[in-house]
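Sequence lines set the chain letters: A, B, ... in the order given, protein chains first and strands last, and positions in each chain run from 1.
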Number of protein chains: 2
Amino acid sequence: MNDRVSDDSTKDRILDAAESIFAEKGFKGSSVRAITEKAGVNIAAVNYHFSSKTGLLEAICDRRLIPLNKLRSERIKGILSEAEKSKTTPRTKEVLRAFIEPTMKLKETEPGAKDFIAFIGRAFNDPDGTARDVFLKFMKPMAELLYRALSAALPDMPKELLFWRLQFAMGAFGHTMQGDMTGALKAFGIEADTKVSPLEMLLDFMTAGMESTYK
Amino acid sequence: MNDRVSDDSTKDRILDAAESIFAEKGFKGSSVRAITEKAGVNIAAVNYHFSSKTGLLEAICDRRLIPLNKLRSERIKGILSEAEKSKTTPRTKEVLRAFIEPTMKLKETEPGAKDFIAFIGRAFNDPDGTARDVFLKFMKPMAELLYRALSAALPDMPKELLFWRLQFAMGAFGHTMQGDMTGALKAFGIEADTKVSPLEMLLDFMTAGMESTYK
DNA sequence: GTATATTTAAAACACATGTTTGAATTATTG
DNA sequence: CAATAATTCAAACATGTGTTTTAAATATAC
């Protein structure tokens with residue numbers, strides 16, 4: 001019953017391969033044959049270790065999303081209790097940063113995670129119900145905490161407006177996560193000098209959007 | 001050779017059915033069998049009239065995207081020449097409005113178009129290369145015009161920053177287009193009174209994000 | 001070291017996919 | 001009306017899909 005000997009090798013190879021292929025082709029677009037070939041394992045291994053293709057998807061989310069959301073939650077809860085202690089209001093940008101920064105960091109540090117980030121960026125709008133449902137299941141508590149923290153940061157904003165703006169912000173975030181923009185950049189004849197990181201640009205954009213009083 | 005007698009009936013029935021099924025299931029997730037069944041036509045009709053499933057996708061984009069982009073282009077060009085005439089700078093919000101408002105209007109007026117709008121909202125991030133490629137082919141000149149108009153509205157902004165902010169804005173837009181948010185709203189325990197339209201909320205959000213000087 | 005459980009392997013299964021075929025039907029034309 | 005073209009139809013085709021099966025190989029435990 002110890003699952004740390006010959007188990008992982010195969011399991012992890014499948015997880016790594018699936019992560020990368022899902023990122024490129026989406027859930028429906030990835031065949032378990034393509035995944036197992038890339039992983040160098042037999043096709044039956046997916047159903048043996050994960051019981052189904054959907055089970056594999058859930059395992060992928062388990063491996064990355066649970067630690068990621070733990071990081072996010074801790075940071076947001078830290079901000080909330082800090083604000084409560086000092087009887088102030090959390091800053092919108094810091095709340096958003098607490099949610100987004102761990103994702104960007106993960107993308108930079110752990111190389112394989114880049115594919116996963118791109119994948120969830122897409123899963124957010126994926127036409128395929130399976131991927132979206134699994135993804136949303138993992139994200140629900142996280143989304144509620146984020147919504148609560150933004151409510152604290154913007155206490156006077158009508159809840160419906162706050163909700164919509166959060167949707168807009170998440171749309172911007174998700175779209176930024178999926179794939180790299182270098183191709184599009186070049187198509188617009190822009191040379192990237194990246195003096196400012198995409199993370200900071202995104203946070204500026206989101207914060208201004210969330211706090212807007214534009215008339 | 002007159003294609004206006006028995007032709008259209010079948011062709012249009014297929015287009016309508018495909019539009020709605022593509023919107024729900026995405027390109028890859030929609031089978032031509034499901035489409036032809038919904039349209040009440042024989043399965044071979046798709047290949048007869050559109051030569052392939054991809055040809056059908058292109059025909060759908062033809063029918064909706066060309067008129068829509070014509071509307072958008074005319075409005076943006078109007079804003080640009082107006083600004084040139086009065087030697088002023090276009091207003092960011094009006095440029096964005098010229099791009100987005102026609103979409104929302106189309107959604108409200110022509111009932112079948114709602115499915116198409118949802119579909120392109122998704123195609124923007126669709127993992128399936130076919131749908132994304134076809135969609136981007138139709139959108140490229142439009143995107144360049146929009147970028148040019150925003151450059152005119154924000155002449156002092158570094159081009160790379162402008163580009164990224166446009167990406168963020170399009171992400172917010174695309175995510176808003178796909179599907180309705182009523183389910184998510186309810187999940188957050190928010191009752192929608194819709195005193196302000198999503199369009200205006202989105203425009204406020206985008207404009208603030210584009211123009212942000214947040215530090 | 002043998003018995004037991006776990007894991008891998010090749011093949012097949014059952015079904016869904018986009019597309020093509022060739023005959024039947026319908027519409028158009030002279 | 002006859003001849004020709006355009007369209008519809010049921011059936012089949014070729015391939016791809018997730019999953020299951022059964023036997024062989026490997027690791028674990030006594």
Of A/Ala44 and A/Ser31, whose closest DNA chain D nucleotide lies nearer the 5' terminus?
->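 Comparing both residues, the 5'-ward one is A/Ser31.
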
Which nucleotide, [options], lies nearest any side-chain atom of [X]?
X: B/Val32; options: C/dT7, C/dG18, D/dT19; value: C/dG18
X: B/Tyr48; options: C/dT8, C/dT19, D/dT8; value: D/dT8
X: B/Asn42; options: D/dC9, D/dT19, C/dT6; value: D/dC9
X: A/Lys53; options: C/dT7, D/dG18, C/dT19; value: D/dG18

Basic-acidic side-chain contact under 4.0 Å: A/Arg97, A/Glu200 =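 Yes, this pair counts.
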
Rounded interatomic separation in angstrom, taking [atom1] from [X] and [atom2] from [N]:
X: A/Glu37; N: C/dA9; atom1: CD; atom2: P; result: 13 Å
X: B/Asn47; N: D/dC9; atom1: CG; atom2: P; result: 15 Å
X: A/Arg13; N: C/dT7; atom1: CZ; atom2: P; result: 16 Å
X: B/Lys25; N: C/dT17; atom1: NZ; atom2: C1'; result: 15 Å
X: B/Ile43; N: D/dA14; atom1: CD1; atom2: P; result: 16 Å
X: A/Ile35; N: D/dG18; atom1: CD1; atom2: P; result: 8 Å
X: A/Ile14; N: D/dG18; atom1: CD1; atom2: C1'; result: 14 Å
X: A/His49; N: D/dG18; atom1: NE2; atom2: C1'; result: 17 Å

Should B/Leu65 and B/Met139 count as side-chain neighbours, where that means a heavy-atom distance under 4.5 Å?
->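 Answer yes - side chains close enough.
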
Would a distance-only check, ignoring hydrogens and angles, find a side-chain to backbone donor-acceptor pair under 3.5 Å from B/Ser212 to B/Ala208?
->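 No, the answer is negative, given that no donor and acceptor are paired below the 3.5 Å cut-off.
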
Looking for any heavy atom pair under 4.0 Å, which part of the strands does B/Thr36 touch: base, sugar-phosphate only, or nothing?
->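 Answer is nothing: B/Thr36 stays at 4.0 Å or more from every strand.
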
Is any N or O donor-acceptor pair between the side chain of A/Arg33 and the base of D/dG16 shorter than 3.5 Å?
->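 Result: no qualifying N/O pair found.
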
What closest approach, in Å, do B/Leu145 and B/Ser73 show between heavy atoms, and which atom pair accounts for it?
->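 Shortest heavy-atom contact: CD2-CA, 3.7 Å.
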
Is A/Thr10 near enough to C/dT8 that one of its side-chain N or O atoms lies under 4.0 angstrom from OP1 or OP2?
->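 The answer is yes; a side-chain N or O of A/Thr10 sits under 4.0 Å from OP1 or OP2.
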
